[in-house]
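Below: the structure, in structure tokens.
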Amino acid sequence: MPLIRRRSGPPASAALALSLALLLPMPVRAQGARAGDGVRVGVTLGGISTVGLALEYFHGHRSVDLNLGTWSFRDLSASLVVKEYFGAADVLPFVGAGLWLVAAMPSGERPGFAAVLHAPVGVDWHVGADHYLGLALNVNRALAVRRSDPEDDLPLNRRIVPLPGAYYRWSR
């Protein structure tokens, strides 16, 4: 007769993971100027484009961030990211996940397109009144590409590409 009897049902590791998920506290909600709903508009430097415009709708510590930008004024980058901010101070770390689409229109060639998985990680600093500065490391991985050169049939490079960026945002 065995000393330990096996039970039928879910494995112990699944039960442990479920227990931990239920016991972990929810993220701290926004305090002060970030409490509630709002919109922030701003400019970006680096990241998914050399220069860009940002529009962010936030509710508590979650936001939806739309960024439109360009690398060379012959292309258009558009990113839609869902972000989660952590903490309740003037400097808040954040993580996000979304999709980055790029369209390039080189002269004399067909348009090129790319779809990229986009995950920014960074900090957002409330510098006063309705002004915010931020730094992000945009972690990217290509999903699909249509190159502007029809003869270019190289396989898609699936490596992770980090792109640093900064932004200024104003809250209304």
Side-chain angles (χ1 to χ4, degrees), residues 13-14 17-18 20-21 24 26-27 30 34 37-87 91-127 131-171:
S13 59
L18 179 61
L20 287 175
L24 289 176
M26 296 299 286
R34 294 230 184 113
D37 297 344
V39 175
R40 298 193 307 175
V41 294
V43 295
T44 61
L45 298 172
I48 66 155
S49 59
T50 303
V51 63
L53 299 173
L55 176 65
E56 180 179 25
Y57 168 77
F58 61 92
H59 175 73
H61 262 195
R62 291 191 176 99
S63 74
V64 176
D65 189 2
L66 173 66
N67 192 316
L68 300 173
T70 183
W71 288 99
S72 64
F73 298 101
R74 287 181 296 196
D75 59 90
L76 178 64
S77 292
S79 168
L80 186 63
V81 173
V82 175
K83 294 192 322 192
E84 175 82 25
Y85 293 91
F86 301 96
V91 177
L92 299 179
F94 66 83
V95 297
L99 187 63
W100 170 26
L101 302 173
V102 182
M105 285 86 44
S107 59
E109 295 185 49
R110 73 179 185 173
F113 301 99
V116 180
L117 183 62
H118 178 58
V121 177
V123 293
D124 187 78
W125 178 28
H126 182 204
V127 294
H131 305 279
Y132 300 83
L133 295 175
L135 295 173
L137 182 63
N138 299 281
V139 180
N140 305 290
R141 185 170 189 262
L143 299 174
V145 67
R146 176 184 177 233
R147 293 184 169 83
S148 56
D149 180 4
E151 300 295 319
D152 187 353
D153 59 354
L154 290 173
L156 185 62
N157 188 341
R158 298 229 182 239
R159 67 186 173 109
I160 302 287
V161 178
L163 298 172
Y167 63 80
Y168 164 78
R169 296 199 178 162
W170 172 75
S171 177

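The residues of the chain are indexed from 1 along the displayed sequence. FYI, side chains are in, hydrogens and waters are out, and symmetry mates aren't considered; it's all heavy atoms of this structure.
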For the student: nearest non-hydrogen atoms of [X] and [Y], plus distance:
{"X": "G47", "Y": "L163", "result": "O-CD1, 3.3 Å"}
{"X": "P162", "Y": "L137", "result": "CB-CD1, 3.8 Å"}
{"X": "V145", "Y": "L156", "result": "CG1-CD1, 3.4 Å"}
{"X": "L135", "Y": "A166", "result": "CD2-CB, 3.8 Å"}
{"X": "S77", "Y": "V102", "result": "OG-CG2, 4.0 Å"}

(request) Sorted by first residue and then second, give each ring pair (Phe, Tyr, Trp, His ring centres under 6.0 Å) pair with at least one member in residues 147-168; sequence neighbours left out. (result) H131-Y168

(message) For L76, give me all partners under side chain to side chain contact (heavy atoms under 4.5 Å, CB included), at least two apart in sequence or on another chain.
(response) none

Measure from the side-chain N and O atoms of [X] to the backbone N and O of [Y], and report whether any donor-acceptor pair falls under 3.5 Å.
{"X": "W71", "Y": "I48", "value": "yes"}
{"X": "R40", "Y": "L55", "value": "no"}
{"X": "R74", "Y": "M105", "value": "no"}
{"X": "H61", "Y": "Y85", "value": "yes"}
{"X": "S148", "Y": "E109", "value": "no"}

Taking atom [atom1] of [X] and atom [atom2] of [Y], what is their separation to the nearest 0.5 Å?
{"X": "S49", "Y": "N67", "atom1": "OG", "atom2": "CG", "value": "5.5 Å"}
{"X": "T50", "Y": "D75", "atom1": "OG1", "atom2": "CG", "value": "7.5 Å"}
{"X": "F86", "Y": "F94", "atom1": "CZ", "atom2": "CZ", "value": "11.0 Å"}
{"X": "L66", "Y": "L80", "atom1": "CG", "atom2": "CG", "value": "6.0 Å"}

All N/O donor-acceptor pairs, side-chain side in residues 110-123, below 3.5 Å, sequence neighbours left out:
from	atom 1	to	atom 2	distance (Å)
R110	NE	R147	O	3.0
R110	NH2	R147	O	3.0
H118	ND1	N140	OD1	2.8

(request) Could you check D65, D124, T44 and say which one makes a side chain to side chain donor-acceptor pair (under 3.5 Å) with R169? (result) D65

